Number of protein chains: 2
Amino acid sequence: MKISTKGRYGVAAMYDLAMHYGEGPISLKSIALRQKISENYLEQLMSTLRNAGYVKSIRGAQGGYSLSKEPEKISVGDIIRTMEGPIVLVDCLLTDAEDNDYCERAEICVTRGVWAKVCDSISSVLDSISLADLCQEEQLQGDVCDNGKNLF
Amino acid sequence: MKISTKGRYGVAAMYDLAMHYGEGPISLKSIALRQKISENYLEQLMSTLRNAGYVKSIRGAQGGYSLSKEPEKISVGDIIRTMEGPIVLVDCLLTDAEDNDYCERAEICVTRGVWAKVCDSISSVLDSISLADLCQEEQLQGDVCDNGKNLF
DNA sequence: AGTATTCCTAGTAGCATAGTAGGTTTTCTT
DNA sequence: AAGAAAACCTACTATGCTACTAGGAATACT
């Protein structure tokens, strides 16, 4: 049960864009450099974020990426769902409970409730944190890294 | 971000044992049959659970597995951690915050707090549900599957 | 003795991750 | 107009993990 680099890099890149919100297009190269991500790989991830409508891009020299909404309006949950797909710990949560074939395994009927509860809990945490929150956290901690202790 | 079959099957098998708690050793064959899990594969999983001290086994004919503690004293979190390792969404959470080399990527300092909060949330949900809770849920729903709506 | 069972080790197909590589198009600057 | 800087696009690949399968050895009950 891990978050892949897609999700992590995606959040990192979006955080980077949020920190430069309003400064015009930010080149992928500079994001990759600051966040220490492979440039070519990040390119693919940005493409996903662009298709999902969270960033817009400008081509050509002096081009780059920028957020297509304010940092307040993009949550970490939005990004994770875009990069990693729906937040479901087990596939049976994707099917409707009324489907008569969703429950192949005898135990699922009982454990399904457990996984659903965990997923809800994950979603509500991720949805409650916006890019703006992350930027504010960065400002609070100043030069000293407090590892997110001040978050919220 | 998925729970692997190790975790799911582990919980399923333990739930099965909890449903037969006090009835003597339960054969792997019967668990595999009821829970629809490959017998050989489940064997490996049971070995992990045995090494972790959650089940005990009796060899030979009429042998099998049984819980080594009461169902109240084993949580879903215990099982998941045994089967899937520590609940950390990103590896950097494994290292101490004071380690000076844990933070290779500029953004981690900020996003680390997010992942930590999610992990805490997952852990607290999983740790709050015992095998006894699952058994009780099963009794509440009787023949009708309510998909865990009654849980808690 | 025979059978039912756990225990142990080794292998393996398939898939996802995390990239690398290299070319094409667009746009700004000079 | 030329050149450079950037996004865009597609194809390839090494590595590792998952979810098994297979088969034999040891143990204990009947």
Side-chain angles (χ1 to χ4, degrees), chain A residues 1-13 16-17 20 23-33 35-52 54-68 80 83-86 88-91 104-105, chain B residues 1-13 16-17 20 23-33 35-52 54-68 80 83-85 89-91 104-105:
Chain A
M1 197 169 30
K2 287 270 164 64
I3 288 186
S4 70
T5 56
K6 282 182 198 167
R8 288 195 288 122
Y9 291 177
V11 173
D16 196 283
L17 287 180
H20 297 91
E23 300 178 14
I26 308 294
S27 77
L28 191 128
K29 194 172 198 168
S30 70
I31 302 174
L33 206 67
Q35 305 298 332
K36 295 192 178 133
I37 303 173
S38 147
E39 212 176 314
N40 276 323
Y41 187 39
L42 182 58
E43 199 170 273
Q44 295 168 33
L45 308 185
M46 292 309 285
S47 162
T48 305
L49 287 165
R50 182 170 46 81
N51 290 334
Y54 291 114
V55 302
K56 54 191 173 189
S57 58
I58 295 175
R59 299 179 72 162
Q62 314 311 318
Y65 295 88
S66 54
L67 297 184
S68 53
I80 293 290
M83 304 310 297
E84 311 215 342
V88 288
L89 290 179
V90 298
D91 282 329
E104 288 176 1
R105 207 160 283 106
Chain B
M1 197 170 28
K2 287 271 163 66
I3 287 187
S4 70
T5 56
K6 282 181 197 169
R8 288 195 290 123
Y9 291 177
V11 173
D16 197 283
L17 287 179
H20 296 92
E23 299 176 15
I26 308 294
S27 77
L28 190 128
K29 194 172 199 167
S30 71
I31 301 173
L33 207 66
Q35 306 298 333
K36 297 195 177 126
I37 303 172
S38 144
E39 214 176 313
N40 277 324
Y41 187 39
L42 182 57
E43 198 171 275
Q44 294 167 31
L45 307 185
M46 292 309 286
S47 161
T48 304
L49 288 165
R50 182 169 46 80
N51 290 334
Y54 291 115
V55 302
K56 55 191 174 188
S57 58
I58 295 176
R59 300 179 70 163
Q62 313 311 318
Y65 295 88
S66 54
L67 297 184
S68 52
I80 293 291
M83 302 310 295
E84 310 215 342
L89 290 180
V90 297
D91 283 330
E104 287 177 2
R105 208 161 283 106

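Every chain is numbered from 1, with letters handed out A, B, ... down the list of sequences. Computed from a prediction, not measured in an experiment: that's the story for all the values here.
Ser30(A) and Ser27(A) get closest at one heavy-atom pair: OG-O, 2.8 Å. Nearest heavy-atom pair, Tyr65(B) versus Leu28(B), reported as atom, atom and distance to 0.1 Å: CE1-CD1, 3.6 Å. When all heavy atoms of Met46(B) and Ala13(B) are compared, the pair lying nearest together is SD-CB, 4.0 Å. Pro25(A) and Gly63(A) get closest at one heavy-atom pair: CB-C, 3.7 Å.
Contact check, Ser38(B) against dA19(D): no side-chain N or O comes under 4.0 Å of OP1 or OP2. The phosphate of dA6(D) (OP1 or OP2) has no side-chain N or O of Ser57(A) nearer than 4.0 angstrom. Of the side-chain N and O atoms in Tyr65(A), one or more sit less than 4.0 angstrom from OP1 or OP2 of dC8(D). Phosphate proximity of dA6(D) to Lys29(A): absent, as no side-chain N or O sits under 4.0 Å from OP1 or OP2. Contact between the side-chain N/O atoms of Thr5(A) and the OP1/OP2 oxygens of dA18(C) is found at a separation under 4.0 Å. One finds no side-chain N or O of Tyr41(A) lying less than 4.0 angstrom from the OP1 or OP2 phosphate oxygen of dA21(C).
Atoms CD (Gln35(A)) and C1' (dG19(C)) sit 18 Å apart, rounded to a whole Å. The separation between Leu28(A) atom CG and dA5(D) atom P is 15 Å, rounded to whole Å.
Around atom NZ of Lys29(B), no more than 12 heavy atoms belonging to other residues, nucleotides or ligands sit under 6.0 Å away.
Side-chain contact between Tyr41(A) and Lys6(A) is present, with at least one heavy-atom pair separated by less than 4.5 Å.
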Stepwise side chain to side chain contact (heavy atoms under 4.5 Å, CB included) check, Ile37(A) with Ile31(A): CA-CA 8 Å; Ile37(A) 303 173; Ile31(A) 302 174; 5.7 Å; no
Side chain to side chain contact (heavy atoms under 4.5 Å, CB included) between Val88(A) and Met1(B): does it pass, once the steps are laid out? CA-CA 8 Å; Val88(A) 288; Met1(B) 197 170 28; over 6 Å; no
Should Met83(B) and Leu49(B) be marked as a side chain to side chain contact (heavy atoms under 4.5 Å, CB included) after you check the CA-CA gap, both sets of side-chain angles, and the distance that decides it? CA-CA 8 Å; Met83(B) 302 310 295; Leu49(B) 288 165; 3.8 Å; yes
Collect all protein-nucleotide pairs involving nucleotides 25-30 of chain D in which both atoms are nitrogen or oxygen and the distance is under 3.5 Å.
| unit_1 | atom_1 | unit_2 | atom_2 | d |
| --- | --- | --- | --- | --- |
| dA26(D) | N3 | Arg59(B) | NH2 | 3.2 |

Within the sub-3.5 Å range, which N or O atoms of nucleotides 8-12 of chain C have a protein N or O partner, and how far apart are they?
| unit_1 | atom_1 | unit_2 | atom_2 | d |
| --- | --- | --- | --- | --- |
| dC8(C) | OP2 | Arg50(B) | NH2 | 3.3 |
| dC8(C) | N4 | Glu43(B) | OE2 | 2.4 |

